[in-house]
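So that the names make sense, note that chain A is the first sequence line, chain B the second, and so on, each numbered from 1. The structure displayed is predicted, hence computed values, not measured ones.
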2 protein chains.
Amino acid sequence: MPKHAGIHDVARAAGVHPSTVSRVLNARTRHLVTAAVAARVAAAARRLGYTPDPVAAGLRTRRSRAIGVLIPDLANPVFPPIVRGIESVLTDAGYTAVVANTDNEPARARAALERFAARRVDGLVLATALRRDALIARVKALGLPAVLVNRTIEAGAIPAVVNDDAGGIALAVNHLVALGHAAIGHVAGPQRLSTGAARRAGYLAAMKASGIPARGAPVAAARSYDIAAGAQAARALLDARPHLTAIVAANDLLALGCYDELARRGLQCPRDVSVVGFNDMPFADRFSPPLTTVHIPHRLLGVEAARLLLEAIERSGAPAREVRLAPRLVVRGSTAGPRQKPVAPGARLAQRGRRSSPGQPPPRTAAGAPRQRYR
Amino acid sequence: MPKHAGIHDVARAAGVHPSTVSRVLNARTRHLVTAAVAARVAAAARRLGYTPDPVAAGLRTRRSRAIGVLIPDLANPVFPPIVRGIESVLTDAGYTAVVANTDNEPARARAALERFAARRVDGLVLATALRRDALIARVKALGLPAVLVNRTIEAGAIPAVVNDDAGGIALAVNHLVALGHAAIGHVAGPQRLSTGAARRAGYLAAMKASGIPARGAPVAAARSYDIAAGAQAARALLDARPHLTAIVAANDLLALGCYDELARRGLQCPRDVSVVGFNDMPFADRFSPPLTTVHIPHRLLGVEAARLLLEAIERSGAPAREVRLAPRLVVRGSTAGPRQKPVAPGARLAQRGRRSSPGQPPPRTAAGAPRQRYR
DNA sequence: GCGAGTTATGCAATCGTTTGCAAAGACGAT
DNA sequence: ATCGTCTTTGCAAACGATTGCATAACTCGC
């Protein structure tokens with residue numbers, strides 16, 4: 001068994017010194033050696049099936065060609081496409097992406113960061129940033145190039161790739177206003193995250209721009225971006241404003257929570273209350289009802305982040321650019337005009353929904369499923 | 001700025017030789033040095049904030065404490081929970097998981113494997129195995145410990161963690177039979193994958209066990225595990241057997257494809273045709289209708305795989321164990337008894353579905369969404 | 001045809017650990 | 001007291017590359 005060929009073996013085979021082999025194999029130093037010798041070495045390397053040992057090289061050069069990627073939770077469907085985007089450009093550039101989940105816990109983020117640092121990663125992609133994040137200081141102390149993706153920080157010059165959150169939310173409220181809604185509420189995301197804060201601000205601004213007074217723009221913030229927190233926030237929102245005809249949620253999972261709370265109250269979406277989400281997570285078109293939501297270019301987010309990082313690694317002096325991607329609204333089945341007072345056609349349907357509402361709520365299985373009709 | 005303390009600095013601080021420091025810091029060799037000295041060294045290490053450099057250590061020991069994880073596609077919602085399970089136990093054991101996507105392309109799998117090998121990973125977990133997979137030979141040639149997860153190979157002694165695919169499918173067909181179905185078809189997965197083959201075989205066996213003759217058990221295999229392929233297979237299946245009242249799909253994405261094809265034909269699920277999936281992917285309960293499916297313990301799959309791998313790394317002589325996990329059926333809204341001949345109540349509804357079928361199919365928006373009613 | 005300048009290659013140190021081997025010291029048995 | 005055995009520590013050679021410096025070879029102008 002021929003073990004694995006090293007630079008030494010190649011050197012012997014080509015009749016040159018190992019250092020020459022190294023120079024040939026490194027694009028940056030290849031011009032230092034004669035074309036003839038270079039060819040001989042390259043041939044020998046190929047013949048022996050030589051592959052460089054990145055750990056040995058890394059020891060000498062202090063570069064690992066590995067990038068640490070910190071994300072909140074891989075199981076949240078927004079992130080896989082982002083990660084794939086990152087991975088794709090990094091791999092093409094000869095880097096390896098190493099991803100770790102933090103579950104939104106700063107302590108886990110910190111631990112993962114230290115592991116990355118120990119492994120001497122060449123840079124970081126952070127999808128976990130809080131608006132004011134202690135981790136960033138540590139990253140800077142470590143002297144590691146980093147870029148933020150999706151979420152950004154309040155102040156501090158770190159390159160970032162984000163969505164136009166305010167613009168996206170404006171799309172959503174304008175859509176609802178165009179449908180005839182005025183009583184529109186907002187289930188906001190965690191306010192310690194830039195996305196939560198920016199979307200909330202965007203909602204407020206868009207409402208104002210539509211001529212709706214601030215008191216007509218109720219907000220309930222969720223503790224985290226998940227279904228349960230969304231349901232809880234929707235509950236608070238509807239308790240305070242029972243006559244809302246539409247909710248814009250800061251995120252698709254929160255929107256799903258709204259679905260649940262509406263079902264619990266015997267309200268139908270979109271007939272009684274319209275809901276719009278944010279992110280257009282995979283399978284959002286499969287929900288019941290299919291979710292109207294603000295689409296963000298998931299994969300592109302990752303791609304751009306990786307590009308920015310590569311750029312930062314090459315020229316470490318470069319100024320911190322921020323790339324802002326434009327979202328777009330995708331209208332599906334969870335939004336409709338506000339319910340009319342019962343009139344000639346459609347009255348029967350409206351009545352049917354009406355009747356079921358004040359009694360005990362239907363068994364809380366999956367939201368609004370046609371299931372109960374057939375069992 | 002204090003750079004980073006090395007073993008050398010610790011040695012100087014503690015007044016001992018670097019090799020002694022190394023011995024103290026390695027649990028396996030700590031007993032070689034006096035307790036007093038060990039304490040002094042440990043103190044110095046802590047004081048200087050020493051952290052070992054795994055790349056330097058790896059160079060010497062030929063162990064990277066990194067594990068390569070090969071999965072088909074992170075964006076397929078079955079995998080994130082599995083990956084998280086793997087990552088969790090690996091991290092606890094001091095390893096780093098590095099994951100790569102193959103998109104089911106052997107060439108990409110091969111390329112990723114070579115990158116892993118170059119990085120000197122200590123082991124592999126493979127979620128990409130074909131029934132007869134050339135990659136395995138390469139893995140063995142590399143001498144890398146490996147374990148298979150979810151999918152397994154035809155022949156060859158590699159530890160694996162799989163589901164009881166046949167048993168799971170039996171759960172599904174028995175459920176349908178109990179509901180009164182007899183005309184049950186199977187949308188099978190790719191037959192080059194163990195899951196595709198095992199579930200198909202399981203379907204055939206369960207049908208036979210229910211006393212349904214082989215000719216009454218039609219199968220159409222999908223080219224890949226995705227929605228489009230599922231729709232295509234469902235189409236072939238229903239073209240051949242238009243009177244099917246139920247379909248068991250080899251996978252949730254294929255089941256979603258069935259939803260689409262049924263909608264295209266103006267058939268309603270579950271009223272006209274029941275559908276059951278496999279995997280219970282995240283959000284399967286949110287689909288329209290909520291999907292009855294065979295639940296597999298995603299995370300546990302990953303956890304067990306990682307454990308098996310660790311075991312294989314410790315004692316490389318150990319025999320290749322196979323862990324088989326039990327799935328369970330979760331009944332939701334996509335299954336119901338077969339449609340009755342029109343009788344007193346429910347007749348109107350049945351008629352409505354019936355009527356829409358032969359004409360041109362409804363616009364293919366999201367499957368079965370109530371949307372069109374309101375726009 | 002000789003010295004200066006240029007280029008291509010070799011030499012050896014280095015990156016931060018681990019580990020086989022040797023040496024020194026401690027201890028007990030004779 | 002001497003010798004052998006054990007324990008504890010130091011020494012130095014790896015591991016597989018990269019790279020500053022030295023040196024040999026070659027070019028070119030005069």
Is Asp53(B) salt-bridged to Arg62(A), cutoff N-O under 4.0 Å? yes
To the nearest Å, how far apart are His31(A) NE2 and dT6(C) P? 15 Å
Is the closest basic N to carboxylate O distance between Arg84(B) and Asp73(A) below 4.0 Å? yes
Could you tell me whether Glu154(A) and Arg131(A) make a salt bridge, using a distance below 4.0 angstrom between a side-chain N and a carboxylate O? yes
Basic-acidic side-chain contact under 4.0 Å: Arg110(B), Glu114(B): yes
Over how many whole Å does the gap from Asp9(B) atom CG to dT17(C) atom C1' extend? 13 Å
Does CZ belonging to Arg30(B) count more than 12 external heavy atoms closer than 6.0 Å? yes
Distances under 3.5 Å between protein N/O atoms and the N/O atoms of nucleotides 18-20 of chain C, please, pair by pair.
unit_1  : atom_1 : unit_2   : atom_2 : d
dT18(C) : OP1    : Asn26(B) : ND2    : 3.3
dT18(C) : OP2    : Ser22(B) : OG     : 2.6
dT18(C) : O2     : Arg60(B) : NH1    : 2.1
dT19(C) : OP2    : Arg28(B) : NH2    : 3.4

In whole Å, what is the span from the CG atom of Leu32(B) to the P atom of dT7(D)? 10 Å
Sort out for me which residue in Val24(B), Thr20(B), Leu48(B), Leu25(B) forms a side-chain contact (heavy atoms from CB on, under 4.5 Å) with Val10(B). Leu48(B)
Between CZ of Arg119(A) and P of dG16(C) the distance, given in whole Å, is 17 Å
Can you measure His8(B) atom NE2 to dT17(C) atom C1' for me and round it to whole angstrom units? 11 Å
Specify the separation, in whole Å, of atom CG of Leu59(A) and atom P of dT14(C). 13 Å
Name the nucleic acid region contacted by Val16(B), choosing base, sugar-phosphate or nothing; use a 4.0 angstrom heavy-atom cut-off, strictly under. sugar-phosphate
Can you tell me if Arg62(A) touches the phosphate of dG16(C), counting only side-chain N or O atoms and a distance under 4.0 Å to OP1 or OP2? yes
What integer distance in Å separates Arg12(A):CZ from dG10(C):C1'? 16 Å
Contact class for Val37(A) vs. all strands (heavy atom < 4.0 Å): base, sugar-phosphate, or nothing? sugar-phosphate
